[in-house]
Amino acid sequence: MLRTHTAGELRAADSGKTVTLAGWVDRRRDHGDVTFIDLRDRYGKTQIVASAAERSRAHVALKDARSEWVLQVRGTVRPRPEGTRNPKLPTGDIEVAATEVVVLNEAKTPPFYVNEETPVDENLRWKYRYVDLRRERSKDLMRLRSEVTNMIRNFFVERGFWEIETTMMIRSDPTGARDFVVPSRYYPGKFWALPQSPQQLKQILMVGGIDKYVQIARCFRDEDPRADRIYELTQLDVEMSFAEPGDVMTIIEECYTAVFERFAAKPLHQKPWPRMTYDDAMRRFGSDRPDTRFAMELVDLTEILSATGFAVFKDAIAQGGAVRALVVPGKADASRKDIDGWAAIAKARGAKGLVSFAFSGSEVKSPVAKFFSADELARVRSTSGAKDGDLVLAVAAEYRVASRSIGEVRRQLGEELRLVDGSTHHAMWIHRFPMFERELDGRWTFSHNPFAGPLDEENAKHLFSDDPGKALSSQYDLVVDGNELGGGSIRIHNRKMQERAFEVLGISKEVGAIRFGALLDALEYGAPPEGGIATGMDRTLMILAGLANARETIAFPKTQTGYDPLLDAPAALDDVLLEELGLRVIRKPPA
RNA sequence: GGUCCCGUGGUGCAGCGGCCUAGCAUACGUCCCUGUCAAGGACGAGAUCGCCGGUUCGAAUCCGGUCGGGACCGCCA
């Protein structure tokens, strides 16, 4: 090695040692005949000093060095003179008196500050990610990710799980997200797809008797990225044979509790984690990933307004819908603009509108007050529990639409009005999901994945009945602070049942046999009852580190349009390669 | 596919019709300085305000388009 020590480890006890350090110039403080340099590496910073009197050659080299030059410094560790120690640095009691300085590499002036926490445009950061990674914050996140990943991996390996890498080139499957695709050379016109998750493969591993499987798996989804969504996500993928829902939940809860207790800045709010049914989550919070860090739970006004003359509500109720509402404390004075803003959120989730009732003194202010009797308005107040000065917001629609839209308003208000208690992390399980949900066009879609099994015998009967919408799933979701961190289920391990689930989803036996042939076949060769879970590592890191976006958690992020500023990718292919692959580009990129 | 926000020396920001010959901080360069640690001091270089077009006597500033970035909707089992 070109060094004997790192820049973070020398202490007063090392005084007198001759050491060699190597690293980057963090800062230079030149006093003329005495010059200091903070030499930085991953481990820390160490002050290097040289003076004209002591070692003129080393001194000249330090004077000439510039920010981010790479230096190798040989010298003697010595305690700093009384009164010049730096308590801010772990190495602040000592300095290295340089006797020899070798410039390992010079560096251009960096495109942004390495030694300051100033925000920098992401395009620049990703383009010069190798400079950005030297910054303390970026470096700490890489370390955090490494430590969390390894803790989780060890946790499962110690408990008898085998880490198995599944293939990255699989068959495209039109369900779910858009696939990233890889053309085949031997089979012109045919393509592999990169896995959106190793779901089918891990189930097949269970049929293979692997019994307990774990993988920190990369998954690819070609959907527009968001703050918490990236093209290449990493998931903790776990599968266990002969497991029941509680077994999976218990082991993940144990693992995540350990991870949070070691790495999170805040304690967990409750242990063991609360479990909430999907129905309760929708009823109380209007979400299947409720943010329980603040109260302001939904109230239901359907009953008390069942005879209302207000046509919008009356019609919705007549059609079997519900009036779902929220009491916003102290916001009777909300402006029209505020309310319009919240209405826009509700509308984006399918509500037709948002009705407000402002209670101040004995007065009720509402744009639709004239449609309600005094008695009804009084009951809106008493049923909702609105106090003087409170605002009630209400939405009428089909129950789930009404709940989700007002639930989204609740989520927004929690942030906006700073109702969220940020002192702890709220980890919880949501369970007893329906197996299927209706799309807007009336077709059934799965709520978790097409392989999730029914909760029990009774729900298996519902699955095979005329009303599969009644069937509850074995699904369980991990929710932390209102974010869905993961989900899993006990899988269907019987071909007939799997085909029935496909049937409900509109996938015929024939189509199912083509798309999911391997899995269906495997179910006929002694597939054990089994289940598992997948959790999002990127989101987990976001929550642990309190980040606003997932890009920061990975080493080489892309932009919102999937462009990689570092590698300038994607890029056009050579004509020769295209020819080999049997491809012709019909839409050329702009030159 | 859509909505909103942003684009000004290397970086981060200010300026939002004429007072801009574009301001501040920092970085950068030269010089001074033997105990600093966000060192200090002096001097200096560096931007036609993303790009194109329009309005106007006059545009960084207003309008339209376009490109790039971000947040969101759609989409994401």
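Throughout, protein chains are lettered first and strands after them, A, B, ... in sequence-line order, and every chain is numbered starting at 1. FYI, side chains are in, hydrogens and waters are out, and symmetry mates aren't considered; it's all heavy atoms of this structure. What you are looking at is a predicted structure, and each value in this text was computed from that prediction instead of being measured.
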(request) Identify whether any heavy atom of A:Arg125 sits under 4.0 Å from a base atom; if not, whether one sits that close to sugar-phosphate; answer base, sugar-phosphate or nothing. (result) nothing
(request) May I ask you to say what A:Arg78 touches in the nucleic acid, namely base, sugar-phosphate or nothing, with a heavy-atom cut-off under 4.0 Å? (result) base
(request) Under 4.0 Å between any heavy atoms, over every strand shown, what does A:Thr175 touch: base, sugar-phosphate, or nothing? Just pick one. (result) nothing
(message) Over all strands shown, is A:Leu89 touching base, sugar-phosphate only, or nothing at heavy-atom distances under 4.0 angstrom?
(response) nothing
(message) Over all strands shown, is A:Asp121 touching base, sugar-phosphate only, or nothing at heavy-atom distances under 4.0 angstrom?
(response) sugar-phosphate
(message) Does A:Arg66 reach a base, just sugar-phosphate, or nothing at all? Heavy atoms under 4.0 Å.
(response) sugar-phosphate
(message) Tell me which nucleotide, if any, is Watson-Crick or G-U wobble paired with B:U26 when both distances must be under 3.5 Å.
(response) B:G10
(request) Under a 3.5 Å limit for both distances, which nucleotide forms a Watson-Crick or G-U wobble pair with B:C62, could you say? (result) B:G54
(message) So A:Asn86, base contact, sugar-phosphate only, or nothing? Heavy-atom distance under 4.0 Å.
(response) base
(request) Output the single nucleotide from B:G35, B:U34, B:C37 whose closest atom is nearest the side chain of A:Ala53. (result) B:U34
(message) Distance criterion of 3.5 Å, no angle test: do you see the side chain of A:Arg229 paired donor-to-acceptor with the base of B:C75?
(response) yes
(request) Provide the Watson-Crick or G-U wobble partner of B:U48, both distances under 3.5 Å; none if there is no partner. (result) none
(request) Output, in order, the C-alpha distance, side-chain angles, deciding distance and verdict of salt bridge (charged side-chain N to carboxylate O under 4.0 Å, His left out) for A:Arg336 and A:Asp340. (result) CA-CA 6 Å; A:Arg336 175 67 188 270; A:Asp340 284 348; 3.3 Å; yes
(request) Indicate, with a heavy-atom threshold strictly under 4.0 Å, whether A:Asn115 touches base, sugar-phosphate, or nothing. (result) nothing
(request) Check side-chain hydrogen bond (donor to acceptor under 3.5 Å, both in side chains) between A:Ser473 and all other residues, then give those that pass, not counting sequence neighbours. (result) none
(message) From CD of A:Gln560 over to P of B:G74, roughly how many Å is that when rounded to an integer?
(response) 14 Å
